[in-house]
S.K.: 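Sending over a structure as structure tokens; questions will come in a sec.
Along the sequence shown, residues carry numbers from 1. Predicted model only: the values in this text are computed from it and were never measured. Both counts, for ligands and for their atoms, begin at 1 and track the order of listing.
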Amino acid sequence: MFLNKEMLKNDFKRKLIVMFSEDIQEASPIHQYVAFSSLIKDYLSENQMKTNKKYAKDKVKQVYYFSMEFLIGKLLENNLINMNIRKIAEDGLKELGIDFNKLLQIEVDAGLGNGGLGRLAACFLDSMASLSLAGHGNGIRYKYGLFEQKIVEGYQVEVPDSWLRDGYVWETRKIDKSVLVKFGGDVSLIQENGKLKVIHKNYEPILAVPYDIPIAGFNNNTVNNLRLWSAEAVEKDFDFTSFSNGDYLKAVEYKYSVEAISQVLYPDDSNEKGKMLRLKQEYFFVSAGIQSIIRRYLKMGITLENLDKYVAIHINDTHPSIAVAEIMRVLVDEYEMEWKDAWKVTVNVCAYTNHTIMAEALEKWPIGMFKKLLPRIYMIIEEINRRFCIEIFEKYSGKWDKVNKMSIIQDGSVRMAHLAIVGSHSTNGVAKLHTKILKEKELNDFNGMYPERFNNKTNGITHRRWLMLANPKLCKLICDSIGEEWIYNPIKLKELEKYSKNSALQEKFYKVKRDNKIEFSNYVKENYDIKIDPDSIYDIQAKRLHEYKRQLLNVFNIINLYNELLENPNLDITPRTFIFSAKASPGYHIAKKIIKFINTVADKINNDSRILGKIKIIFMENYSVSLAEKIIPCANVSEQISTASKEASGTGNMKFMMNGAITLATLDGANVEIREVVGDDNIVIFGLSSEQVFNYYKNGGYFAKEIFNNDKRINKILSGMIDGSLNAPKAEFYDIYDKLLDYNDEYFILKDFDSYVKAQDRIDKLYKNKSIWQQMSIINIANSGVFSSDNTVKEYAKDIWNIKKAEII
Ligand code: 26Q
């Protein structure tokens with residue numbers, strides 16, 4: 001589609017009239033935003049139709065990425081970039097007297113995810129479309145996304161995120177594509193004409209209504225689809241009798257109980273809670289997704305025996321793993337396929353990604369709950385399990401312990417990871433180290449059983465959002481230096497490396513970073529009334545708050561530095577600004593205490609004039625995709641300091657690296673691979689290795705109290721938590737203190753402290769040498785192309801989904 005600035009301006013004016021009967025001068029900023037975005041969506045619709053027609057005509061194999069979370073953030077600028085009209089849009093709007101950046105700010109984030117897993121899903125959608133791959137998302141249209149975080153007196157306060165309140169421009173309700181999802185009821189099996197027939201009665205039908213969001217590829221006409229399902233009552237959602245009797249609440253009770261299913265995203269990425277509503281959510285979007293895939297598939301006139309040649313379903317963590325049983329239900333019950341044939345197709349269609357080794361996060365559902373909510377699905381899982389247990393028993397000639405360890409149903413629960421592995425042809429981890437741990441430890445038995453199914457796919461991030469959109473100045477400088485090829489093939493960023501020692505270029509990179517830092521310091525001044533020095537080192541830890549991510553270790557180093565400065569105010573260090581941003585799960589008590597602790601320490605240090613402003617601590621509230629886009633481009637130091645073995649991959653680490661920050665890290669997750677590509681000289685590594693951590697867990701030998709008693713610095717820091725020297729009640733931080741000492745510091749914070757302090761000291765020394773630091777920074781940017789999700793998705797396409805490009809001309 002050809003478009004120039006004048007056409008865009010005219011179309012926009014027309015759209016304002018059609019939608020709001022207003023001209024530019026009359027229209028409020030929100031109307032301007034809505035009309036402009038709707039216009040962009042109209043353009044996308046034409047290409048989406050083309051894309052759909054091409055896929056249908058050529059019977060292109062489609063991938064459906066099933067995920068409970070899609071953390072897509074804002075879409076307007078992303079769509080303009082991918083349509084390659086960002087510049088004409090900015091110029092055109094300017095000519096109409098509209099401030100482009102202000103317009104972009106009006107959009108609300110679609111925050112339908114907790115953290116890494118949800119953002120990964122969003123990056124993959126962008127990459128699939130940009131690589132001309134037929135890949136779509138399938139998820140839930142939560143009425144409330146992840147809570148908005150406010151910090152009140154140092155505490156996290158959660159505010160509902162009603163992102164749909166003013167309407168959402170990018171979605172289209174597709175009522176004619178609705179399907180029914182059935183919960184509860186009674187199931188009986190009868191013989192009919194020599195065949196077993198399933199009768200499901202008294203179930204509760206829920207209407208699943210899809211809302212589609214277009215996903216534009218970069219400069220290639222592809223527009224794929226993100227389908228999010230909303231739960232609605234099928235009929236009779238208003239009880240007139242109750243209403244007439246004056247019971248107004250009862251009149252709408254049923255409607256609300258149904259809508260509860262897609263009401264809110266679970267704000268938890270640490271503990272499996274076994275909640276019925278969560279299981280309902282999982283089955284709801286999985287069943288709706290599969291029904292709509294099969295409906296579309298059958299329209300092509302191909303029999304279901306060939307489903308695996310035209311459809312791939314990706315299971316993003318265990319949350320959608322019930323898909324395995326649902327596909328079996330549809331094939332066997334509804335289309336009367338033989339079990340064995342159906343199973344072969346199902347396994348070939350499904351693939352599963354594991355995102356965690358944290359035992360607490362592995363999903364298990366009590367059998368009783370499962371049976372009640374999904375009686376037929378439970379029967380199918382029992383049958384899958386019966387056959388699987390026979391297979392184990394035969395392979396390991398009678399070893400019952402293997403059966404017990406691997407069985408899908410065990411100790412009164414359904415283990416979702418086992419279902420996902422057994423029902424998929426591929427199980428992958430998300431970084432080399434993580435996959436190794438899965439194969440050797442967590443999923444070792446399964447690896448023994450199906451070694452060919454296990455593989456690694458190191459995560460990635462889309463360089464279009466995380467470099468081109470988030471850091472336009474850096475993007476321009478890179479283009480001026482090495483041309484534009486890297487935009488299409490991010491590996492070509494490597495071209496930068498040969499200039500890493502070029503002092504003129506170093507100066508230019510320095511200037512870009514400094515400009516970003518100034519912009520940020522203005523933002524902080526305006527919003528937090530804290531003055532930060534753009535010449536200080538911006539040292540940033542931004543991610544979900546978890547004990548294993550060790551925000552505490554970071555704070556302990558800061559307190560230690562502060563103590564040193566009090567003793568010696570002339571200590572020769574470069575001033576530092578420590579920036580934190582993190583949401584804690586509302587039910588995660590210790591995590592919330594850690595937030596309060598960071599803010600309490602910040603309050604004390606920021607207001608102590610004795611240290612001459614050498615340390616500043618900022619806690620930025622409400623970490624989100626939009627805030628990440630602001631923070632990451634101005635980072636000098638990227639804190640990736642999880643206890644080795646705990647962080648499956650991390651993706652923030654890649655975003656910071658791509659924006660020229662130096663990684664300060666443990667050898668965990670993808671940090672290991674970042675080190676591999678940049679080399680030891682261009683990253684700062686510290687702390688226990690994953691082997692050492694496993695060794696301590698297995699054989700003991702770590703005593704936190706010993707360190708507390710022997711290391712004066714630690715002693716002072718921990719004592720200071722509970723002796724009233726902070727501006728908080730004495731007992732405020734007892735729980736943290738206890739976990740470290742009485743519960744022996746599960747995450748080795750005290751153990752890694754010394755090594756971390758030394759690493760921070762190395763950072764300080766490196767930063768003092770401007771030319772070395774700039775060289776390191778450039779080398780990091782130059783090697784970050786390896787972590788573009790385009791590369792990751794290409795590997796999924798080739799090794800797991802078996803799909804090829806389908807270009808839209
Ligand atoms: C499960 C059951 C009940 C309620 C909630 C959950 C739940 C929800 C979200 C469990 C886990 C999550 C999210 C996990 C997550 O984000 N994991 C991160 O995935 C990233 C992408 O692979 C990795 O980079 C991170 O290392 C990993 O922590």
S.K.: Could you tell me whether Asn459 approaches ligand 1 through its side chain, its backbone, both or neither, with non-hydrogen atoms closer than 4.0 Å?
M.R.: side chain
S.K.: I'd like to know if Glu621 pairs up with Lys583 as an ion pair, taking the criterion as any Lys NZ or Arg NE/NH1/NH2 lying under 4.0 Å from an Asp or Glu carboxylate oxygen.
M.R.: no
S.K.: Would Tyr266 count as being in polar contact with ligand 1, using the rule that some N or O on each side must be under 3.5 angstrom apart?
M.R.: no
S.K.: Among Thr356, Leu71, Leu265, Leu117, which one puts a heavy atom closest to atom 18 (C) of ligand 1?
M.R.: Leu117
S.K.: Which of the atoms of ligand 1 are close to Glu363, meaning less than 4.0 Å from one of its heavy atoms?
M.R.: 2 (C)
S.K.: Could you name each residue pair satisfying salt bridge (Lys or Arg N to Asp or Glu O under 4.0 Å) that touches residues 409-434, not counting sequence neighbours?
M.R.: Lys432-Glu676
S.K.: With a cut-off of 4.0 Å, which atoms of ligand 1 are near a heavy atom of Glu69?
M.R.: 8 (C), 9 (C)
S.K.: Considering only heavy atoms, does Met68 approach ligand 1 within less than 4.0 Å through its side chain, its backbone, both, or neither?
M.R.: neither
S.K.: Looking only at N/O atoms, are Asn114 and ligand 1 under 3.5 Å apart anywhere?
M.R.: no
S.K.: Quick one: does Ser649 get an N or O within less than 3.5 Å of an N or O on ligand 1?
M.R.: yes
S.K.: Does some non-hydrogen atom of Lys275 fall short of 4.0 Å from ligand 1?
M.R.: no
S.K.: Between Arg465 and Glu629, is the closest basic N to carboxylate O distance under 4.0 Å?
M.R.: yes
S.K.: Heavy-atom contacts under 4.0 Å between Arg544 and ligand 1: side chain, backbone, both, or neither?
M.R.: neither
S.K.: So, taking the atom named CZ in Phe183 and the one named CD in Glu204, what distance separates them when rounded to the nearest 0.5 Å?
M.R.: 8.0 Å
S.K.: For a quick check under 3.5 Å, do Lys655 and Asn653 share a side-chain donor-acceptor pair by atom type?
M.R.: no
S.K.: Tell me whether Gly650 has any N or O atom under 3.5 angstrom from an N or O of ligand 1.
M.R.: yes
S.K.: Looking at Arg464 and Asp126, does any basic side-chain N land under 4.0 Å from a carboxylate oxygen?
M.R.: yes
S.K.: Taking 4.0 angstrom as the limit and counting only heavy atoms of Ala648, give me the atoms of ligand 1 inside it, by number and element.
M.R.: 26 (O)
S.K.: So if I count the atoms of ligand 1 from 1 in the order they appear, which ones are less than 4.0 Å from some heavy atom of Tyr548?
M.R.: 28 (O)
S.K.: If we only count heavy atoms from C-beta on, is the His434 to Ile357 side-chain gap below 4.5 Å?
M.R.: yes
S.K.: Determine whether the side chains of Asn316 and His355 contain a donor N or O and an acceptor N or O closer than 3.5 Å.
M.R.: yes
S.K.: Can a donor-acceptor pair be found, under 3.5 Å and without considering hydrogens, that links the side chain of Asn138 to the backbone of Phe285?
M.R.: yes
S.K.: Under 4.0 Å, heavy-atom basis, I'd like to know which part of Trp365 is in contact with ligand 1: side chain, backbone, both or neither.
M.R.: neither
